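Chain A is the first sequence line, chain B the second, and so forth, proteins listed ahead of strands; every chain is numbered from 1. Side chains are part of it too, since the values below use all heavy atoms of this structure and drop only hydrogens, waters and symmetry mates. As the structure is a computational prediction, the values presented were derived from the model and not from experiment.
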Amino acid sequence: MGKEPVAVVGIGQTKHVAARRDVSIAGLVREAAQRALADAELTWVDIDAVVIGKAPDFFEGVMMPELYLADALGAVGKPMLRVHTAGSVGGSTALVAANLVAGRVHGTVLTLAFEKQSESNAMWGLSLPIPFQQPLLAGAGGFFAPHVRAYMRRTGAPDSVGSLVAYKDRRNALKNPYAHLHERDITLEKVQASPMLWDPIRYSETCPSSDGACAMVLTDRAGAARAPRPPAWMHGGAMRSEPTLFAGKDFVSPQAGKDCAADVYRQAGIADPRREIDAVEMYVPFSWYEPMWLENLGFAAEGEGWKLTESGVTELEGDLPVNMSGGVLSTNPIGASGMIRFAEAALQVRGQAGEHQVEGARRALGHAYGGGSQFFSMWLVGAEPPTT
Amino acid sequence: MAPRKPSVMRPAREVAIVAFGQTRHQRSTDELSEVEMLMPVLHEVLAATGLKTSDIGFTCSGSSDYLAGRAFSFTMALDGVGAWPPISESHVEMDGAWALYEAWTKLQTGEADTALVYSYGKSSPGSVRDVLTRQLDPYYVAPLWPDAVALAALQAQALIDAGDTDEPALAGIATRSRASADANPHAQRGSSAGQGDYAVRPLRRGDCPPVGDGAAAVILAAGDRARDLCERPAWIRGIDHRIEAHALGVRDLTESPSTRLAAERAGVFERPVDTAELHAPFTSQEVVLRKALALGDDVEVNPSGGALAANPVMAAGLIRLGETAARIHRGASDRAVAHATSGPCLQQNLVAVLEGDAS
C-alpha cells in the first residue's frame, strides 16, 4: 500500500506589513486560516488536525504559543502539533502536515506558519550571546555575508549580480497584493546606491521584518475530488539537516541542500530540473542567495548560477522564473517565509497566482532553509495528480 | 462547534519502540551543556540496537528555547547527533512525546523504517515556575505571572470541591510514587522525601514535581525491522493527541476530555491494560487522568515513580512512553497505556497503547 496522494486545496495569507497593530497574534493567524478555509470552501469542522510552525519563541516572547493559539485556530478537541526547524520551519511545517495525510493518519489538515516580528526585534533575537556564537555577528546578515563573499571569490561573479536579484524581486512584489514591500519607484540604481550593511550585502538586498501568516489546507484524494478549485498535488517533499559548524561544511553550497533537492526530484521523477520545473519559489533572504541556490538546487552547474540570473532567465518573463511573488526579499515574517514559498509554488500550478502567475506553470518548487544553512525543506507540486 | 467523535485508529504500518534510554535526572547539571547531557543517552539507544546515525531513517527531537534561554537552542544538539552525511530530521518545540508522534507519522508514510527520537530540558539555569508562565496568553494572563504550581493548585482545589479527592488521598499518590521511584535508578526523588509544607494550598511540596535536568531517547522501527532490533518490541497499537481551550476559565479542570478523546482513538478501551505511565506532574492530575482513562485499581500506575519522582521538562512525556516500552521489552507488561501532557492544567494530552507479542 503506497502513500496517500496529498493535495493543496486551500491557501490563505495575510497582507504582510511591518507592524499589524490592529490584531493580536491570535487575530493574525486566524485571518490567514480563515482565508485558506474560504479558498477550500471548508469550515473549521472539516479540519481533522492542525500543524503550526514559527521560528524562535523569543521573537514574540511567547513560549510554545500553540497552546494559547489552540482556540483561535479551531483546534480545540483536535490534535495540534508545533514544528520548529529555524528558518526552514514554514516548509517543514507543511511537510509534517502532508505526512499526516500521506500516512493516512488524518484526511484533511490545516497547516499554518506565522511571525509577528513587530512584537520584538529579530535582529537582536538572532544575535546570539557568547558563548553560543562569535561576537560582532549582528543578525543573520552578519552570519551570511562571508559566505556570499566566498561564493563571489569561488565563481568570479561580478559585483552587480546581487542588485539584479533585489531589483527583480522588488518589481515582482508589485504584482503581489500580499507582499510587504511595494516600492513603486524602485530602480536598479536605487538598489546599487543603498547603504552597505554587511559587505557585500546592501540595504536594498536584504529582507524586511514583517508581520504575517500563511495557511494551507491539505487533503487526501477524496478531499481533492470535492475541492471547488484546482488543487496543487504534492509530487515530492523532503527535509535534510547537517551540522552547523564542522570543518567539512561547505557554507556556499551545503550538502544537505543538494541531498534534499535530489530526494525531491527522485520522488517527483525529475531528471533535469532546469527543463522540467516551470517556476521556483526559493528562500532568498539576501539577494546573492539566488545564484547560490540555483547551483545548490541543480538548476545550474557549479559556478554558473550567477550567469542565469544575469541573463534574465529568473525574471518573471524568463525561462525559469524565480520568486514570482517577490520572495523573502520583499516579505519576511520569518517563521512563515518557508510556508509562503511552498504556498506560492502551489498557487502557480493551480493557476491562482494572479498578476504574478507564470503562464502554463505545471510544476513548481517551493524551497526553504534555516539555521546556519543547515536545515532544508522543499516540496515539488504539480497541476496533475502524481502517477506513482 | 463539537469535534467529530474519533473512531479507533488502525495504523497502516506496525511500528514499535525498540530501545529507550534516559539520564539520571538531577536537580542541577551546571557542569554539563544540554548537548553533553544528551550524548550518553543517544549513544545508549544506538548501542542497544547496533544502529549508527547513518542507519537511521528519520530523526526528530523535542525541546524548548525558553528553558535554554536562547533562540534556536536545538541546533547545537544536531551537531552532537553527528548529522553527517546529512540526515532527514525535524524538531518540535514540544515535549519529546510529540517528536515521537511526528516520527511515528513519518514511518506510517513508508518513507523510513527506523527513527531516532530524543528530547531534553535543563530547568536548573532559571526558575521553571516563572518560565512556564510565558506559555500563557501573552496579552491578558502572562503579564500577571501566575506560575505552574499556583495553576495546578487551582485545579487541585476544584477536584477537592467536587469531591473527587482530598488531601490525604493526594498524599497517598505522592507516597506511592516516591516509593516506586526507589527501584528506578534514574529517578531524582525517592521515598525519603516527605510531603513537606504547603507549596500553594492545597498542594504540598510532595504533591509537586521536583525541578530537574534530564534527557531521553527512543528508537522506533517498523515491522520486521523492529523484530530484528529487539527481542520483544513494544508495538504502538494506537497513538493520538488532542488539545483543549487555553483559558482555564472555559475548562472544567476536574475533567480531561482531550485525554479521553485521544484514548478512544488510540484504542485504550478495546481491551484491559495492565500498566499506565501517566505524565502527571502534580498528584491531583493523576486523579483527573485516572478518571479520563477509566483506570481501575488493578492497573499498575507509574511504576517508574512518574513525574513526581523526576520531571525533566520537555523529556518527561517521552520518558513515559519509554518506561512503558521498557516494561514490555522485559516482559513485565503485555498491554500498557502511556500518556504525555503539555500546557497549563493538562491542556494538551497524548495517549498511546503499547503491546508486546504474546510470549
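- Using a 4.5 Å heavy-atom threshold, the side chains of A:Y68 and B:L136 count as separate.
- Residue contact with chain A, scored on non-hydrogen atoms closer than 4.5 Å, involves the side chain of B:Y139 exclusively.
- Note that OG1 of B:T105 is 5.0 Å distant from CG of A:L100, once rounded to the nearest 0.5 Å.
- Under the 4.5 Å side-chain criterion, counting only non-hydrogen atoms from C-beta, A:K3 is in contact with B:E111.
- Across B:L350, B:L107, B:T75, B:L67, the residue that shares the most heavy-atom pairs under 4.5 angstrom with chain A is B:T75.
- Looking at B:S64, the atoms closer than 4.5 Å to chain A (heavy atoms on both sides) all sit in the side chain, from C-beta outward.
- Proximity to chain A is absent for every atom of B:T133, based on heavy atoms less than 4.5 angstrom apart.
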Derivation and outcome, ring pair (Phe, Tyr, Trp, His ring centres under 6.0 Å), residues B:F74 and A:F375: CA-CA 12 Å; B:F74 63 94; A:F375 301 111; 5.7 Å; yes

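- Considering only heavy atoms from C-beta on, B:R242 comes within 4.5 Å of A:P79 through its side chain.
- Ranked by heavy-atom pairs under 4.5 Å with chain A, the list B:M9, B:E102, B:R13 is led by B:E102.
- Only the side chain of A:Q374 comes within contact range of chain B, with heavy atoms under 4.5 Å apart.
- Taking CD of B:Q135 as the start and CE of A:M64 as the end, the distance is 5.0 Å to the nearest 0.5 Å.
- Side chain of A:R240 to backbone of B:I87: no donor-acceptor contact under 3.5 angstrom is found.
- Nearest heavy-atom pair across A:E66 and B:I243 is O-CD1, 4.2 Å.
- More than 12 heavy-atom neighbours from other residues, nucleotides or ligands sit within 6.0 angstrom of CZ on B:R134.
- Panel note: side chain A:D71, backbone B:H246; a donor-acceptor pair is recorded below 3.5 Å.
- Smallest separation of non-hydrogen atoms from B:D79 and A:L245: OD2-N, 3.5 Å.
- Here the closest non-hydrogen pair linking B:L261 and A:G77 is CD1-O, 3.6 Å.
- For A:L69, no part lies near chain B; criterion is any non-hydrogen pair under 4.5 Å.
- Rounding to the nearest 0.5 Å gives a distance of 6.5 Å between OH of B:Y101 and CG of A:L81.
- Considering all non-hydrogen atoms of both residues, B:Q348 and A:M80 come closest at NE2-O, 2.8 Å.
- Highest contact tally toward chain A, considering only B:P85, B:P138, B:G343, is held by B:P138 [criterion: heavy-atom pairs under 4.5 Å].
- Neither the backbone nor the side chain of A:E4 comes within less than 4.5 Å of any heavy atom in chain B.
- Options A:D259, A:V89, A:T244 differ in how many heavy-atom pairs under 4.5 Å they form with chain B, and the most are formed by A:T244.
- Of all non-hydrogen atoms in A:V83 and B:S90, the two that sit nearest each other are CG1-OG, 4.2 Å.
- Of the charged side-chain nitrogens involved, none lies within less than 4.0 Å of a carboxylate oxygen, so that B:E93 and A:K54 do not count as a salt-bridged pair.
- Interface residue A:N99: backbone and side-chain heavy atoms are both found under 4.5 Å from chain B.
- Note that CH2 of B:W84 is 7.5 Å distant from NZ of A:K249, once rounded to the nearest 0.5 Å.
- For A:F376, no part sits under 4.5 Å from any heavy atom of chain B, backbone or side chain.
- Across all their heavy atoms, B:T109 and A:G103 have their closest contact at CG2-N, 3.7 Å.
- Looking at heavy atoms from C-beta onward, A:T85 lies out of side-chain contact with B:F72 at the 4.5 angstrom threshold.
- Between atom NE2 of residue B:H91 and atom OG of residue A:S88 there is a gap of 11.5 Å, rounded to the nearest 0.5 Å.
- Note that CE of A:M239 is 6.5 Å distant from OG of B:S88, once rounded to the nearest 0.5 Å.
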